[in-house]
Amino acid sequence: QVRLVESGGGSVQAGGSLRLSCVSSPVIDSCMGWFRQTPGNQREGVAAIYAGGARTIYENSAKDRFTISQDNGKNTVYLQMNNLKPEDTAMYYCAAGTLQACNVWYASGPDRGTRFGYWGQGTQVTVSS
């Protein structure tokens, strides 16, 4: 049984930063992703990382502001979020999937979340203007 636990969410003003963490148990040797969702809207992908951190994937909304990274020694995946905007306000979820989840990230489009089989409970990020 895979368990993912997120932390690091909170409330910040626009332009601020947060670092989200996701601890996995056991270690995920494939693909890890961050997603976000607001009430009434579809969950959207933010970024993903291949096991070992050799390759990373970003959605346009995250490019140049967010950085996904992995600390294999701590079984942890991070999402460093800088220059936060009010539109970044959402519940952020960590997810784990097979390598295919990363391989078809862009091709999967809005349904990319279905490629991930394990999810954390989420951590809330609120950005005020």
Enquirer: D64 and Y58: side-chain donor and acceptor closer than 3.5 Å?
Expert: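 Result is no, nothing qualifies.
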Enquirer: Mark yes when over 12 heavy atoms from residues, nucleotides or ligands other than Y118 sit less than 6.0 Å from its OH; otherwise mark no.
Expert: no
Enquirer: Could you tell me the separation between the OG atom of S69 and the CE atom of M32, rounded to the nearest 0.5 Å?
Expert: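 Result: 11.5 Å between the selected atoms.
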Enquirer: For E59 and W105, what are the C-alpha separation, side-chain angles and deciding distance, and is it a side-chain contact (heavy atoms from CB on, under 4.5 Å)?
Expert: CA-CA 10 Å; E59 287 301 304; W105 174 275; 2.6 Å; yes
Enquirer: Nearest 0.5 Å, please: how far is SG in C102 from CZ in R115?
Expert: 12.0 Å
Enquirer: Distance check, rounded to the nearest 0.5 Å: K63 atom NZ versus T56 atom OG1?
Expert: 10.0 Å
Enquirer: For the backbone of L99 and the side chain of S30, can you confirm whether one donor and one acceptor N or O come within less than 3.5 Å of each other?
Expert: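 Not confirmed, S30 side chain does not pair with L99 backbone.
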Enquirer: Might you point out which heavy atoms bring C31 and A48 nearest each other, and give the distance in Å?
Expert: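 Residues C31 and A48, closest heavy atoms: SG-CB, 4.4 Å.
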Enquirer: Hey, are the side chains of F66 and L18 touching, using non-hydrogen atoms and a 4.5 Å cut-off?
Expert: no
Enquirer: Taking the side chain as every heavy atom from C-beta outward, state whether V77 and L20 have any pair of such atoms under 4.5 Å apart.
Expert: no
Enquirer: Quick check against the 3.5 Å criterion: does Q37 have a side-chain atom that pairs as donor or acceptor with the backbone of Q42?
Expert: no
Enquirer: Mind listing the closest non-hydrogen atom pair of P86 and S128 along with its distance?
Expert: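 Heavy atoms of P86 and S128 come nearest at CG-C, 4.5 Å.
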Enquirer: Tell me yes or no: between the side chains of W34 and E6, is some donor less than 3.5 Å from an acceptor?
Expert: no
Enquirer: Just wondering, do V127 and Q13 contact through their side chains at under 4.5 Å, heavy atoms?
Expert: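 When only atoms from C-beta onward are counted, V127 and Q13 do not touch, as no gap falls below 4.5 Å.
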Enquirer: Please confirm whether the ring centroid of W119 lies under 6.0 Å from the ring centroid of Y92.
Expert: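 Centroid distance W119-Y92: not below 6.0 Å, so no.
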Enquirer: Could you report the tightest heavy-atom contact between P26 and Q1, atom names first, then the distance?
Expert: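 P26 and Q1 have their closest heavy atoms at CD-O, 3.6 Å.
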Enquirer: Distance alone, cut at 3.5 Å: any donor-acceptor contact between the side chains of S108 and D111?
Expert: no
Enquirer: How far apart are the closest heavy atoms of S17 and Q80, and which atoms are they?
Expert: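 Of all heavy-atom pairs spanning S17 and Q80, the closest is CB-NE2, 3.9 Å.
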Enquirer: Return the CD1 to CZ distance between I57 and R55, rounded to the nearest 0.5 Å.
Expert: 6.5 Å
Enquirer: If I compare all heavy atoms of C22 with all of L4, which pair ends up nearest, and what's the gap?
Expert: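 So the two residues come closest at SG-CB, 4.0 Å.
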Enquirer: Going only through I, L, V, M, F, W and Y residues with side-chain contacts under 4.5 Å, is there a path from M91 to V125?
Expert: no
Enquirer: When rounded to the nearest 0.5 angstrom, what distance separates CD1 in I49 from OH in Y78?
Expert: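 One finds 11.5 Å between CD1 of I49 and OH of Y78.
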Enquirer: Measure the acute angle between the ring planes of F116 and F35, then classify it against the limits of 30° and 60° as parallel, tilted or perpendicular.
Expert: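 The rings of F116 and F35 stand perpendicular, inter-plane angle above 60°.
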Enquirer: Between T76 and S21, which heavy-atom pair has the shortest distance, and what is it?
Expert: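 The answer is CG2-CB, 4.1 Å.
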Enquirer: Rounded to the nearest 0.5 Å, how far does CG of N83 lie from CZ of R65?
Expert: 6.0 Å
Enquirer: Would you say that V46 contacts L79 through its side chain, given a criterion of any heavy-atom pair below 4.5 Å between the two side chains?
Expert: yes
Enquirer: Would you say R36 has more than 12 foreign heavy atoms packed within less than 6.0 Å of its CZ?
Expert: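 Yes, CZ of R36 has more than 12 neighbouring heavy atoms, counting only those of other groups under 6.0 Å.
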Enquirer: Compute whether any side-chain donor of one residue and acceptor of the other, for N75 and S24, lie under 3.5 angstrom apart.
Expert: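 Looking only at side-chain atoms, S24 and N75 do not form any donor-acceptor pair under 3.5 Å.
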Enquirer: Give a yes or no answer on whether the side chain of R112 reaches the backbone of G109 with a donor-acceptor pair at less than 3.5 Å.
Expert: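 Indeed, once roles are kept as given, a pair shorter than 3.5 Å links the two residues.
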